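Comments concern the structure below.
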Amino acid sequence: MKKMRKLSATLALVLAVSVAIPSVGSVSESVLAAKKPKLAKTLQLKVKQTKKLSIKNYSKKVTWKVKKASIAKLSAKKKTSVKVTGKKVGKTNITATFKLGGKKKTLTCKVTVKKNAPAPTEVVVTAAPTETITLAPVATPTIDPDATASPTPTHDYDADTSPSWKQDAKIKDLFGEYFVNGISTGIGALRNGEEAAIIRHHFQSITMGNENKMESLVSVEAPEAEKEKYPFGLESANVTNYYEGDGKVILNFDTLEKQLSYCKANNIKVRYHCFIWHSQVRQYFFLQDYNWNAFTEEDYVANGWDVSNYHKLCDQETMRKRMQGYIYQVIDYIYSHGYGDVIYAYDVVNEATNGGKMCTYNPDADNADDMLVEGGGSINTNGGVTTSAGKAVTPDSSPADVEDMMRNEGREPGGSHSYWYATMGKNYIYWAFLDTYNAIQEAKAKYGVTSTPSLIYNDYNTNENSQLGLVDWINGACNKANGTTDVKYCDGIGLQSHSIGVSTQERMIKTIADRGYEVQITELDEGADGDDQASKLKQLYQLYRNYSKKGEYGQAQGDDYIGVTSVTQWGMCDGDGSWGAGSIHYIFSRDPLPDPEFDEEGNKIEVPEPIYRIHPKPAYYGILQAGGYECGDKVY
């Protein structure tokens with residue numbers, strides 16, 4: 001708008017009689033004020049569409065802001081105009097703030113972003129390699145290369161700069177110097193273009209939420225390549241193998257191969273979670289001959305099998321060998337197929353102490369089995385399994401009690417009961433670390449791998465002294481059993497960090513790290529949401545950096561200090577994760593799929609899914625700000 005160079009006589013008369021016009025400000029501003037600045041009340045645009053928004057009847061500087069940056073982006077900000085680009089479907093407000101007559105004024109425009117018409121699907125990226133990388137000798141079974149997890153992309157997210165989750169800064173770049181940045185996921189996410197792209201863009205490692213737990217490997221389903229060999233599934237095959245073969249449990253490596261081949265091809269590391277946990281188990285694995293549902297007593301008689309084995313819980317010696325064989329087979333598969341350098345940490349045992357129960361370590365005991373003692377009359381580890389009436393079940397229990405117990409406890413024993421404890425006692429904890437350590441040492445030598453993964457005890461316990469007592473016992477017992485001295489069989493502690501306060505986490509990290517153990521933040525999520533979540537995660541990431549080896553605190557501790565080595569988000573979007581649905585929050589949100597549409601005849605209209613469904617929350621910006629990157633609508 002051009003400035004008026006002089007006042008007309010008419011305007012001068014208006015100014016003379018008006019008491020409403022302020023005496024401050026330029027003449028031209030007063031004239032413009034008479035017309036009142038205007039801003040469009042509404043603006044509609046489509047995703048990725050850009051429109052110009054201007055304020056009229058005003059010529060000085062205007063401050064432009066958008067309420068929800070995830071829905072609309074502002075660019076090319078000028079004195080009286082701004083460009084608005086739709087980012088995702090939704091509604092938000094844009095405000096124009098300015099001074100008029102010495103007072104602050106704000107005008108608001110309601111913005112609606114609508115979806116684009118469906119774009120044709122186009123394959124623009126070559127899928128990651130799917131071949132299995134193999135080192136001789138080759139482990140059995142060899143997986144069909146077509147079963148690997150490399151997705152067939154429909155959009156080039158790696159080259160696309162428009163997603164709102166793709167800032168100039170990456171989480172892994174901001175903090176990669178200090179610790180490994182990871183996220184929990186699943187096979188499905190690795191096959192989803194946008195989710196997989198976010199993992200590749202921001203993170204260096206993944207933790208599979210469920211796919212590395214026992215029930216995924218000790219499966220009831222036969223591997224794809226061996227369906228014909230085991231037509232009745234692996235439980236039946238394992239019973240037959242017990243009586244007719246070597247008794248070693250037959251495992252299904254299909255899912256493991258999918259994740260490791262994908263990670264190898266995409267240069268992503270893996271936290272293996274986990275070997276031993278009381279939950280998500282295969283019940284038949286803990287029975288003397290693997291038989292839970294596969295065969296009846298009549299089948300035993302017909303096959304000439306030992307009927308006294310029917311529904312008997314394993315004795316300690318059998319179970320000790322079985323756990324060892326399970327761990328050795330998995331480790332050998334990983335190393336023999338070329339993935340020994342992919343996994344940088346193993347959660348060997350998960351949640352064995354059921355929270356805050358105290359563990360006392362006695363280094364002067366005569367043997368490893370007696371080094372962990374009970375304190376205060378409480379049991380140190382998760383307890384055994386029981387019938388529905390609460391009767392303890394042991395290897396000497398009757399088939400009827402075992403049947404009742406198996407139905408009562410299931411694959412996720414209640415009250416943190418444990419099949420491992422019921423068959424082996426508390427020693428299963430240190431035996432698991434002993435077996436994993438020895439299996440890795442053998443595999444490294446056998447297959448020529450030099451990298452050494454960390455072996456971690458993982459728990460949600462907020463009593464760091466209890467965990468330290470357990471880890472001290474693990475290392476003391478393993479050294480005594482192996483005839484070694486001061487070897488770390490358990491390298492450190494995984495702190496799950498589910499909604500734990502900042503000061504509590506700092507206390508735990510410092511106590512553990514000062515004892516010379518490694519700290520891994522393994523399952524980070526938060527009950528708070530919005531700005532509160534952003535502020536807390538910003539503080540936590542600054543805390544984790546400080547207590548890493550290269551952080552300010554770590555640098556002051558000397559060469560032997562290890563500190564925080566990895567941080568893993570326990571989900572990508574709200575609604576993900578393995579627990580706390582609806583009350584636990586992550587750093588991204590996911591748009592729901594649109595409701596299905598139908599034609600006049602009632603047939604479903606097939607339309608492609610939206611290209612962009614995932615959007616950053618304030619917590620995302622809080623983490624980037626913790627790394628020194630200025631972004632987002634506010635500073636947390």
Side-chain angles (χ1 to χ4, degrees), residues 210 213-221 232-236 238-239 242 249 274-301 305-320 322-323 326 349-358 374 376-429 431-432 459-461 578-581:
N210 293 301
K213 292 171 183 173
M214 169 185 268
E215 62 185 359
S216 292
L217 291 109
V218 182
S219 179
V220 293
E221 295 292 331
F232 301 109
L234 287 189
E235 183 182 340
S236 297
N238 274 308
V239 179
Y242 175 85
V249 64
C274 55
F275 273 126
I276 307 299
W277 189 32
H278 63 266
S279 189
Q280 291 183 239
V281 297
R282 290 295 179 190
Q283 295 155 273
Y284 74 78
F285 184 81
F286 300 93
L287 296 179
Q288 186 70 23
D289 57 0
Y290 299 105
N291 179 43
W292 170 225
N293 292 312
F295 299 99
T296 65
E297 287 185 272
E298 289 76 13
D299 293 327
Y300 275 58
V301 175
W305 295 339
D306 185 356
V307 179
S308 66
N309 275 341
Y310 184 75
H311 287 184
K312 297 292 288 185
L313 209 58
C314 272
D315 59 66
Q316 187 187 73
E317 182 180 0
T318 301
M319 198 66 214
R320 169 79 181 89
R322 188 168 294 179
M323 181 179 73
Y326 162 55
V349 178
N350 186 51
E351 298 177 2
T353 61
N354 191 23
K357 293 182 178 179
M358 200 65 181
E374 297 181 4
S378 64
I379 193 169
N380 301 309
T381 61
N382 293 335
V385 290
T386 68
T387 65
S388 57
K391 180 181 178 181
V393 174
T394 71
D396 296 325
S397 295
S398 68
D401 282 346
V402 172
E403 290 174 18
D404 183 276
M405 176 274 296
M406 295 288 268
R407 285 190 292 269
N408 178 52
E409 300 284 10
R411 56 183 279 274
E412 296 181 323
S416 296
H417 291 173
S418 171
Y419 291 106
W420 302 104
Y421 183 91
T423 52
M424 289 185 283
K426 65 193 176 194
N427 290 333
Y428 81 87
I429 301 172
W431 282 336
D459 211 328
Y460 57 87
N461 187 355
S578 59
W579 76 294

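Predicted model only: the values in this text are computed from it and were never measured.
For the pair Phe232 and Val239, the minimum side-chain heavy-atom distance is 4.5 Å or more. Looking at Thr386 and Lys391, their side chains never come closer than 4.5 Å, going by heavy atoms from C-beta outward. Side-chain contact between Leu313 and Leu287: present, with at least one pair of heavy atoms (C-beta onward) separated by less than 4.5 Å. With a 4.5 Å cut-off on side-chain heavy atoms, Tyr242 and Gln288 count as touching. Taking 4.5 Å as the limit, every side-chain heavy atom of Asp289 sits out of range of all side-chain heavy atoms of Trp305. Side-chain contact between Lys312 and Val402 is absent, with no heavy-atom pair separated by less than 4.5 Å. Residues Tyr310 and Glu403 have side chains in contact (heavy-atom distance under 4.5 Å, counting atoms from C-beta outward).
With rounding to the nearest 0.5 angstrom, the NZ atom of Lys213 is 14.5 Å from the CZ atom of Phe275. In this structure, the separation between OG on Ser279 and CD on Glu215 is 7.5 Å, given to the nearest 0.5 Å. Distance check: Ser418 OG to Phe286 CZ gives 7.0 Å after rounding to the nearest 0.5 Å. Atom-to-atom distance recorded for His417:NE2 and Glu409:CD is 5.5 Å, nearest 0.5 angstrom. The CG atom of Asn408 sits 11.5 Å away from atom CE of Met406, with the distance rounded to the nearest 0.5 Å. Distance check: Arg320 CZ to Cys314 SG gives 13.5 Å after rounding to the nearest 0.5 Å.
Residue Glu235 comes nearest to Asn291 through the heavy atom pair OE2-C, 3.9 Å, listed as atom of the first residue, atom of the second, then distance. For Val349 against Ala432, the heavy-atom pair with the smallest separation is CG2-CB, 3.8 Å. Heavy atoms only, all atoms of each residue included: Ile429 and Ala352 are closest at CD1-CB, 3.7 Å. In this structure, Ser397 and Ala392 approach most closely via the heavy-atom pair OG-O, 4.1 Å.
Under the 6.0 Å distance and 45° angle rule, Arg282 does not count as a cation-pi partner of Tyr290.
For the 3.5 Å distance criterion, the side chains of Thr394 and Asp396 fail to qualify, holding no donor opposite an acceptor. In the model, Glu298 has a side-chain atom that pairs as donor or acceptor with a side-chain atom of Thr296 under 3.5 Å. At a cut-off of 3.5 Å, with distance as the only test, a side-chain donor of Asp404 or Ser388 sits close to an acceptor on the other residue.
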Review point. Which is it for Trp277 and Glu351 under the side chain to side chain contact (heavy atoms under 4.5 Å, CB included) test, yes or no, and what are the steps along the way?
Key: CA-CA 7 Å; Trp277 189 32; Glu351 298 177 2; 3.1 Å; yes
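Between Tyr284 and Trp292, the ring centre distance reaches or exceeds 6.0 Å. Remark: aromatic rings of Phe285 and Tyr419 are distant, center separation not under 6.0 Å.
A donor-acceptor pair under 3.5 Å links the side-chain atoms of Gln316 to the main chain of Met424, judged by distance alone.
Aromatic ring orientation, Tyr326 versus Trp420: parallel (interplanar angle below 30°, classes split at 30° and 60°).
Under a cut-off of 6.0 angstrom, the local environment of CD in Glu317 is sparse, with at most 12 non-hydrogen atoms contributed by other residues, nucleotides or ligands.
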